Amino acid sequence: MKTARILLALPGLAALAYGIVLFLDYAAPAWPDSVTTLVWIGGGPIVNDAVFAPLAGVVGLLLTRVLPRPWRAPVQIGAVLTAVLGFLAFPLLWRAYGVPPKPGLHDGNTWLGLLVTLAAVWSAVLVASVVRIVRVRHRAARKIRSRARS
Amino acid sequence: MKRLAAAWRRLDARVTAAHAKVADQARAVEKRVPKSEQFKGGAHGERVTARVGSLLGIAFLICFVTGLLSHLIQHPPEWFFWPSRPVWLYRVTQGAHVLSGIAAIPLLLAKLWSVYPKLFERPLVRSVPHAVERLSILVLSGAAFFELSLGLLNVAQNYPWNFYFPQVHYAVAWAAIGSILVHVAVKLPVLRRALTRERAPVQQPGPGLSRRGFLATTGLAAGVAVLATAGATVPALRNVSGLSWRSDKGTQKLPVNRTAVAAQVTRVAQDPGWRLSVVTPAGTRQFTLAELRALPQTTVDLPIACVEGWSQMATWRGISFPDLLRASGSSPGVDVRVSSLEKTGLYGVSVLPGEHTADPLTLLALELNGEVLNLDHGYPCRVIAPSRPGVLQTKWVARLEAL
């Protein structure tokens, strides 16, 4: 175990150091314009920890409180998929800094693609929930029948 | 003197009161901040973290290796060799680069949610090694978020920053993979415990997703993310992926990444006086378009595979490089510098390695999918070589130099 840890840590530290050298190669001559790059690097974890994660937690908690049991898991999964698809679509939809579309690139209908994909996801959520409801009812009915017989 | 002492006492009282108030507020905030043990969902705990983390590590490793390959092909050092066969090799490595990056987005979010309670552990810092570890994780997650969001924005060709994307993406990739390796080294005992422990402790079924449920959701999210975008490079998924950044509206059934207008070559490329210069040790030969058409023509099926992860198969027709080099008094297998009519931008010149100039599938193409090359695809002639990044398939060729 100790050898394995050393064998991982040493090249890791070397790669990290090389990355920092390469980054300084870029950032030092470009100073102070490269400050924004550091903001980009630091911004990810901060935005995640302060915005996305709490939001996801609160939405997840609300869904478990509000929804009846058979709906819970499918709707939660649907919500997760919606968020992920939203992230993927974002740079294709918000094009303030985008290059103009070219023949065959970024000239598709992303809104339509996103809506169709989400429709597929939520149809699956609906089907899964209905299947779960039917299953629960079945089980309950069987229990009642067996009780009536005895 | 008395007044000064009284003033000092007043100030002291005020500071003490303010101090007490701040401390009260801090306690009140602290009370409201969640405690790490209050996170009871199935997502939290080392068994989930280890599993999602392993997948994320694999995704980043694929990204790193394929990205490094792409970098080396574009900036080859002396020792580097990249084969020209199989023709789909670069298409696959770069497709894997972009798609494993896409899959890593939900994996990273899931991994960080799984360890989110640790953010609320008190005391914030227990010891110097603990402080170093927390700081190193900040570097790790910063680099990971940076690489994934940059990559995602780059495939969309959306640039809300002021730096040159490949340079910074490459530098931070080293920092990311390095800090991942260090992180794995630090967590190896936890990882082993979490992955090999025979039976999990009995989990109280909570109201939310169970541990298995969370893992399944994470896997599903990664799969859906890949499915929603992979049509950019996987032909079978072309009509499945709603969020692909390429469409089927390309000229001559092929996407165009740089148009003739953007490259400012519309006039020179259509000039009837255009000549291809081929410079070899034997001298310089000039070819008109008619002379090129009179040379033996080869037809090949080769994909264009862009660094941005999309790729498309096409049928090309033109003069194979071995034929062209022989016709110009040189021989196949020499490195050839290709210069474009394009004088703006970074991709006007490329070097075809000997491996590729010796391959009869490497063409100076005059036709694409049965038609004369469109202006946007490099009329009058362009390079198309097997297993090379699209940016090196130089268009509007004006000059070839045997090196």
Side-chain angles (χ1 to χ4, degrees), chain A residues 1 4-6 8-9 11-20 22-23 25-26 30 33-34 36-37 40-42 44-45 48-49 52-53 56-57 60-61 64 73 76-77 80-81 84-85 87-89 91-92 94-99 102-108 110 113-114 116-117 121, chain B residues 102 105-106 109 112-113 116 119 138 141-143 145-146 149 152-153 156-163 167-168 170-175 177-182 184-185 188-189 207-209 213 217 220-221 224-225 228-229 242-251 254-257 259 376:
Chain A
M1 174 86 96
R5 292 178 82 180
I6 291 172
L8 283 167
L13 287 171
L16 181 58
Y18 184 55
I20 291 170
L22 285 178
F23 187 79
D25 275 349
Y26 143 75
D33 285 348
S34 41
T36 50
T37 317
W40 267 86
I41 295 178
N48 178 68
D49 291 349
F52 293 151
L61 213 55
T64 50
Q76 280 184 326
I77 294 170
V80 166
L81 294 180
V84 168
L85 291 169
F87 278 129
L88 294 182
L92 295 169
W94 173 76
R95 305 270 315 156
Y97 299 93
V99 301
K102 289 163 283 191
L105 284 178
H106 315 113
D107 61 349
T110 308
L114 181 62
V116 170
T117 313
V121 166
Chain B
I102 295 273
I105 292 171
L109 295 172
L112 290 178
W113 177 244
Y116 195 57
L119 203 63
L138 187 67
S141 62
F145 265 112
F146 186 71
S149 45
L152 184 65
L153 283 156
Q157 299 194 337
N158 202 344
Y159 303 106
W161 54 70
N162 58 359
F163 48 80
Q167 182 189 16
V168 181
Y170 179 68
V172 179
W174 280 98
I177 201 72
S179 48
I180 288 170
L181 286 176
V182 173
V184 174
L188 204 57
L209 286 172
T217 306
L220 191 66
V224 167
T229 50
L243 300 179
S244 165
W245 43 95
R246 53 153 294 175
S247 71
D248 283 327
K249 299 181 201 161
T251 325
L254 197 66
V256 175
N257 210 348
T259 59
D376 280 342

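Note that these values count all heavy atoms, side chains included, but never hydrogens, waters or copies made by symmetry. The shown structure was predicted, so the numbers you read here are calculated from the model rather than taken from an experiment.
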Quick one, B/F163 with A/D33, criterion side-chain contact (heavy atoms from CB on, under 4.5 Å). Give me CA distance, side-chain angles, the key distance, then yes/no. CA-CA 9 Å; B/F163 48 80; A/D33 285 348; over 6 Å; no
Identify which part of A/L81 has an atom lying under 4.5 Å from any heavy atom of chain B, answering side chain, backbone, both or neither. side chain
Who are the side chain to side chain contact (heavy atoms under 4.5 Å, CB included) partners of B/A143, not counting sequence neighbours? B/V172, B/A176
Taking the side chain as every heavy atom from C-beta outward, state whether A/V99 and B/Y159 have any pair of such atoms under 4.5 Å apart. yes
Less than 4.5 Å to any heavy atom of chain A: does that hold for the side chain of B/V168, its backbone, both, or neither? side chain
With A/A4 via side chain to side chain contact (heavy atoms under 4.5 Å, CB included) - residues at least two apart: B/L188
Working to the nearest 0.5 Å, report the span between CD1 of B/I180 and CG of A/L16. 11.0 Å
Go through B/L153, B/I102, B/L152 and name the one with the most non-hydrogen pairs under 4.5 angstrom from chain A. B/L152
Quick check for you: to the nearest 0.5 Å, what is the distance between B/L109 atom CG and A/F52 atom CZ? 8.0 Å
Contacting region of A/A30 [heavy-atom separation from chain B under 4.5 Å]: neither
Which heavy atom in A/W40 sits nearest to a heavy atom in B/P160, and how many Å separate them? CZ2-O, 3.6 Å
If you round to the nearest 0.5 Å, how far is CG of B/L119 from CG of A/D49? 5.0 Å
Closest non-hydrogen atom pair between A/R5 and B/A185, with its separation: NE-O, 2.7 Å
Before you tell me yes or no, could you show the steps for B/W245 and A/T110 under side-chain contact (heavy atoms from CB on, under 4.5 Å), namely the whole-Å CA-CA distance, both residues' side-chain angles and the distance that decides it to 0.1 Å? CA-CA 8 Å; B/W245 43 95; A/T110 308; over 6 Å; no
Using a cut-off of under 4.5 Å for heavy-atom pairs, which of A/L105, A/L22, A/T64 has the most such pairs with chain B? A/L105
Closest approach of A/T117 to B/G242 (non-hydrogen atoms, all atoms of both residues): OG1-CA, 3.9 Å
Can you tell which part of B/Q167 gets under 4.5 Å to a heavy atom of chain A, answering side chain, backbone, both or neither? side chain
Heavy-atom proximity to chain A below 4.5 Å, by part of B/S141: both
Taking all heavy atoms of B/N158 and all of A/P91, pick out the closest pair and write down the distance. ND2-O, 2.8 Å
With a 4.5 Å cut-off on heavy-atom pairs, point out which of B/L138, B/N162, B/T251 contacts chain A the most. B/N162
Evaluate the side-chain contact (heavy atoms from CB on, under 4.5 Å) criterion for residues A/L114 and B/L243: first the C-alpha distance (whole Å), next the side-chain angles of each, then the deciding distance (0.1 Å), finally the verdict. CA-CA 6 Å; A/L114 181 62; B/L243 300 179; 4.0 Å; yes
Within this structure, what is the CG-OG distance for the pair A/L88 and B/S244, rounded to the nearest 0.5 Å? 11.5 Å
What are the two closest heavy atoms between A/P103 and B/D376, and how far apart are they? CG-OD2, 4.2 Å
With a 4.5 angstrom heavy-atom cut-off, could you sort out which part of A/V80 is near chain B: side chain, backbone, both or neither? side chain
A/T37, part contacting chain B, at a heavy-atom distance under 4.5 Å: both
Would you indicate whether the side-chain heavy atoms of B/W161 and A/T36 approach each other to under 4.5 Å? no
Evaluation steps, side-chain contact (heavy atoms from CB on, under 4.5 Å), between A/V84 and B/I105: CA-CA 8 Å; A/V84 168; B/I105 292 171; 5.5 Å; no
For chain B, which candidate among A/N48, A/V121, A/I41 shows the most heavy-atom pairs at distances under 4.5 Å? A/I41
On a heavy-atom basis, the closest approach of A/K102 and B/N257 is NZ-O, 2.8 Å
How long is the span from the CZ atom in B/R246 to the CG atom in A/D107, to the nearest 0.5 Å? 10.0 Å
State, with a plain yes or no, whether a side-chain heavy atom of A/P45 is found less than 4.5 Å away from one of B/F145. yes
